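What you see is a predicted model, and the numbers here were worked out from it, not measured in a lab. The basis for the numbers below is simple: all heavy atoms, side chains too, and nothing from hydrogens, waters or symmetry mates.
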Amino acid sequence: MTSTQRLPEKGWAFLHLLLVASVSHAEEPVCRRRGDPENPLLSKNGDIILGGIFSFHTSWKDRKDSYMNQPLLLQCTSLNFRDLQFAQAMLFAIEEINNSTDLLPRISLGYKIYDNCGSVARSVGVTLALANGNEIVSVPSKTCTKPAHVQAIIGTTSSSTTVAVATVIGPFFIPVISHFATCACLSDKTKYPSFLRTIPSDYYQSRALAHLVKYFGWTWVGAIRSNNDYGNNGMATFTETAQQLGICLEYSVSFFRTDPYVKIQKIIEMIKASTSKVIVAFLARADFNVLLPEFSYHNLSGYQWVGSESWIFDSQTSEMDMHHILDGAIGVSIPKAHVTGLREFILNKKPINPSNNELFTEFWETTFSCKFKELKSSSDIQRECTGHEDMTGVQNNFIDMSLMPIFNNVYKGVYAVAHALHNILSCNKTCNKNVQLDPFMVLQHIRNIHFTTKEGDEVYFNENGDPAAKYEIINWQPRENGVVEFVTVGLYDTSLTTEKQLNLQNKSLIWARNSKQVPVSVCSEKCPPGTRKVLQKGRPVCCYDCIRCAEGEISNVTDSITCVRCLPEFWSNERRDACIKKEAVFLSYEDIMGALLTAASLFGACMTISVILIFFKYRKTPIVRANNSELSFLLLFSLILCFLCSLTFIGQPSDWSCMLRHVAFGITFVFCISCLLGKTMVVLMAFRATRPGTNVQKWFGQTQQRLCVTAFTLIQVNICIIWLTTSPPFPFKNFKEIKDKITLECALGSAVGFWAVLGYIGLLAILCFIFAFLARKLPDNFNEAKFITFSMLIFCAVWITFIPAYVSSPGKFSVAVEIFAILASSFGLLICIFIPKCYIILLKPEKNTKKHIMGKKAP
């Protein structure tokens, strides 16, 4: 049936909804149902009547309504063996109850079973027929009221037709118990107050499918659903759960078996163009059976199918899969069940009187391709049916018992009604037949029943009218003869805790194309440790790029969303998947730089000692005596200390070394410059003392020189003491200077103290420079003041350039800069002041005379 053919059906549905009881305008007041009467295909009288609605046919003949006359009833076609089996299960349960002496003794159950042809409109009509009956009833008053015609309705098979039935019958509170309508929407008791079912809601099935997909790591899947309540609601729940589990749908398309062929083509093109290798098919069996031949024709093989219970364990679907594109399919199904005697009851049923049983007559004629004599026309060339044909060799869906779990659901539904009636009628050995049955009373008792079938199955309903949800995980495994075996490979039980609900057994699974390897279906490969996920713009969350963690950050799990920064004392390794302890760096004696500076320091100290030895040996020579030998020896001693104090800056910083290096540096340099300042002042005073009338020399004798040096040095000592007592230098771990290493250095403690020490040294150096500059015009041969001036220029230049170099140098290089400044200034003083004298003493002894020293150069 095409989509345009639905319009008459919808109109017919509207007419059926208007069917109400009314008072006839005839002379005798009677009640009759409007519209053409609906007659049951199967019926039997009894003390209590149960209704049944099944899709004995799957389609109907096309009719063209003129809208001038009342539309004719639908003429159903395409006999459906499956629903015929469901009806047989209902008859078996009723017959078993009627033969029982324990359940409803001496009460016979009758039935009226209708065919809805899979049509929503017809479902409404037959529902009203079950509620009202077709009898014309005389009434003494003007109201048409009577007890309900049936006490409960078993059916229907599909969710869409069940929604229509439950909607119409709900206000009358007549119980409707479905065996196969799984739509989660039917759990809404505000819309469907009288609906119950013996099959779990699709809410649980959809969640089970989502968890199954997640279990195998499929995060990028396609989806096809039936365009009805079953497919749309089921897929909505699946999509919601999938999003919570991090699963993305590349596409989600709906389909109904009456859709035009162009819709099938679009679905096939969409599948071929997709990158996902897993397809979740939430399809009704009838819809999937329309798609499957087209999928086979276009060779849509290699895809991993995940199926809902409507087709995953259906043998008819597997028989239609001639090209085995569904091999390896996995999905959820109702747990296997067995009802003793049901198989024999179904297979041994024969039409005793064909004229009174149209349904079984059609079944028999369809099964054996024959015609009964009463129905055979003269022009019909088919052979005559005897009614005694042997069904042993018949190959059709009627003899297939793979849907026994659904048969069992029908069986349990009938027994649920029987147990409720048993309780209402207070049955023991006999039942109270005087009790006026009311559908609402029956509904309340059905909701509260809890019994166990002869096979050991517990039957009860929760507050939504649903049974406990339990599913088997089914895997399609092809055998050598080409037959597909439905192998149970696991269970999904909602009564367990969330982490234990899905339990897959250790059985070898077969996947698409008979592969033993689990298929991979992801939009993006997993991000390994050391990287993080960055979503691709405009695409689902499952599509992302893997970006390497930045330096100092790690991710030690797969598919990490963020990178975690390492603790300050740690750094990321090369793979960025672990934090390793940073290497501690400092200026050590093992470093090339440290070794060179140490050698330079020792060389300077040795060189100074050599000068001392030379001066000591020639201490009585004029050039040594003329330059104040006592201050010269103090100056040389201070230079040794200056050279050696640089060694305190090398090595791992400690509390003592940090305090010692700065204090030793400050005091020794002040001591050195104090001696220089004393020498400069001596030279200057000596020059002035030679002028007549001056008495300066007595104010700057040996004692005053010693006091001057001591006083200048003590001032620096006091500054250092204050610095050490208030905020001394301390070892410090610098994490920021070098990102992947820890720089061990000495923090200043008090910056004021440090710069006070340097400032005082600078002040003395400037004074020394000024005095030396003032003495620059002394006699040429007495040139020590010139040498001191030049050495002070070097000293000041070194320490002025030291400041920016020190501030800008990273880590241990700042220490090296400070050592270099100490050594450079010390060498400058040693070379500029003492090397010229050593030159004269050792190489020009003829100039080492008092006459030469006091003389002047020729012009």
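A 4.5 Å side-chain heavy-atom check between Pro845 and Ile840 finds every atom pair outside the cut-off. Taking the side chain as every heavy atom from C-beta outward, Val798 and Phe820 never approach each other to under 4.5 Å. Looking only at side-chain heavy atoms (C-beta outward), Ile742 and Phe735 come within less than 4.5 Å of each other. Taking 4.5 Å as the limit, every side-chain heavy atom of Leu707 sits out of range of all side-chain heavy atoms of Thr710. Residues Asp740 and Glu551 are not in side-chain contact: their nearest non-hydrogen atoms beyond the backbone lie 4.5 Å or more apart. No side-chain heavy atom of Phe834 sits less than 4.5 Å from a side-chain heavy atom of Ile614. Between Leu830 and Leu636 the shortest side-chain heavy-atom distance falls below 4.5 Å. Between Tyr760 and Phe712, the closest side-chain pair of non-hydrogen atoms falls below 4.5 Å.
Under 3.5 Å, the side chains of Thr726 and Ser750 contain no donor-acceptor pair of N or O atoms.
Of the possible polar contacts, one joining the Ser601 side chain to the Phe643 backbone as a donor-acceptor pair under 3.5 Å is found. Side chain of Ser727 to main chain of Gly749: a donor-acceptor pair is present (N/O by atom type, distance under 3.5 Å, no hydrogens or angles). Remark: the backbone N or O of Leu744 is not paired with any side-chain donor or acceptor of Gln652 at under 3.5 angstrom. Remark: side-chain polar atoms of Trp218 are not paired, donor with acceptor, to backbone N or O of Ser276 under 3.5 angstrom. With hydrogens and angles disregarded, a donor-acceptor distance shorter than 3.5 Å links the side chain of Trp723 to the backbone of Leu748. Without hydrogens or angle criteria, Asn573 side chain to Asp577 main chain gives a donor-acceptor distance under 3.5 Å. A donor-acceptor pair under 3.5 Å is formed between the side chain of Ser521 and the backbone N or O of Trp220. Although no hydrogens or angles enter the test, the distance criterion places a donor-acceptor pair under 3.5 Å between the side chain of Gln716 and the main chain of Gly666. Although no hydrogens or angles enter the test, the distance criterion places a donor-acceptor pair under 3.5 Å between the side chain of Ser610 and the main chain of Cys606. Under the 3.5 Å distance criterion, the side-chain polar atoms of Ser825 are matched with a main-chain donor or acceptor of Ala821.
Closest approach of Ala210 to Ala242, counting heavy atoms only: CB-N, 4.1 Å. Between Thr531 and Ser555, the shortest heavy-atom contact is O-OG, 2.7 Å. Here the closest non-hydrogen pair linking Ile667 and Cys720 is CG1-SG, 4.1 Å. A pairwise comparison of heavy atoms in Gly604 and Phe827 identifies CA-CZ, 3.5 Å as the closest pair. Between Ile554 and Cys549 the shortest heavy-atom distance is C-SG, 3.9 Å. Across all non-hydrogen atoms, the minimal contact from Trp511 to Leu509 is CZ2-CD1, 3.4 Å.
Taking the six-membered ring where the residue is Trp, Phe730 and Phe732 present perpendicular rings, their angle passing 60° and hence far from 30°.
Applying side-chain contact (heavy atoms from CB on, under 4.5 Å) to Val278 and the options Thr219, Val522, Val306, Val520 leaves one that passes, Val306. Checked against Cys675 for a side-chain contact (heavy atoms from CB on, under 4.5 Å), the options Thr713, Leu829, Val709 give a single hit: Val709. In summary, of the residues considered (Arg565, Arg532, Arg576, Lys739), a salt bridge (Lys or Arg N to Asp or Glu O under 4.0 Å) with Glu553 occurs for Arg565 alone.
Around OH of Tyr589, the count of heavy atoms belonging to other residues, nucleotides or ligands within 6.0 Å exceeds 12. Crowding of Ile561 atom CD1: a count of heavy atoms from other residues, nucleotides or ligands under 6.0 Å not exceeding 12. Counting heavy atoms of neighbouring residues, nucleotides and ligands inside a 6.0 Å radius, atom OH of Tyr251 exceeds 12 of them. More than 12 heavy atoms of other shown residues, nucleotides or ligands fall within 6.0 angstrom of atom NZ in Lys581. Heavy atoms from other residues, nucleotides or ligands lying under 6.0 Å from CZ of Arg575 number 12 at most. Crowding of Leu843 atom CG: a count of heavy atoms from other residues, nucleotides or ligands under 6.0 Å exceeding 12. The number of heavy-atom neighbours closer than 6.0 Å to CZ of Phe637, taken from other residues, nucleotides and ligands shown, is 12 or below.
Remark: SG of Cys642 is not found under 2.5 Å from SG of Cys672. Of the two cysteines examined, Cys542 and Cys248, the SG atoms meet the criterion of being under 2.5 Å apart.
A salt bridge links Arg548 with Glu574: at least one charged nitrogen is closer than 4.0 Å to a carboxylate oxygen.
Taking Pro836 as the reference, Phe787 meet the side-chain contact (heavy atoms from CB on, under 4.5 Å) condition, with sequence neighbours excluded.
In summary, the aromatic rings of Phe665 and Phe669 are positioned with their centroids under 6.0 Å apart.
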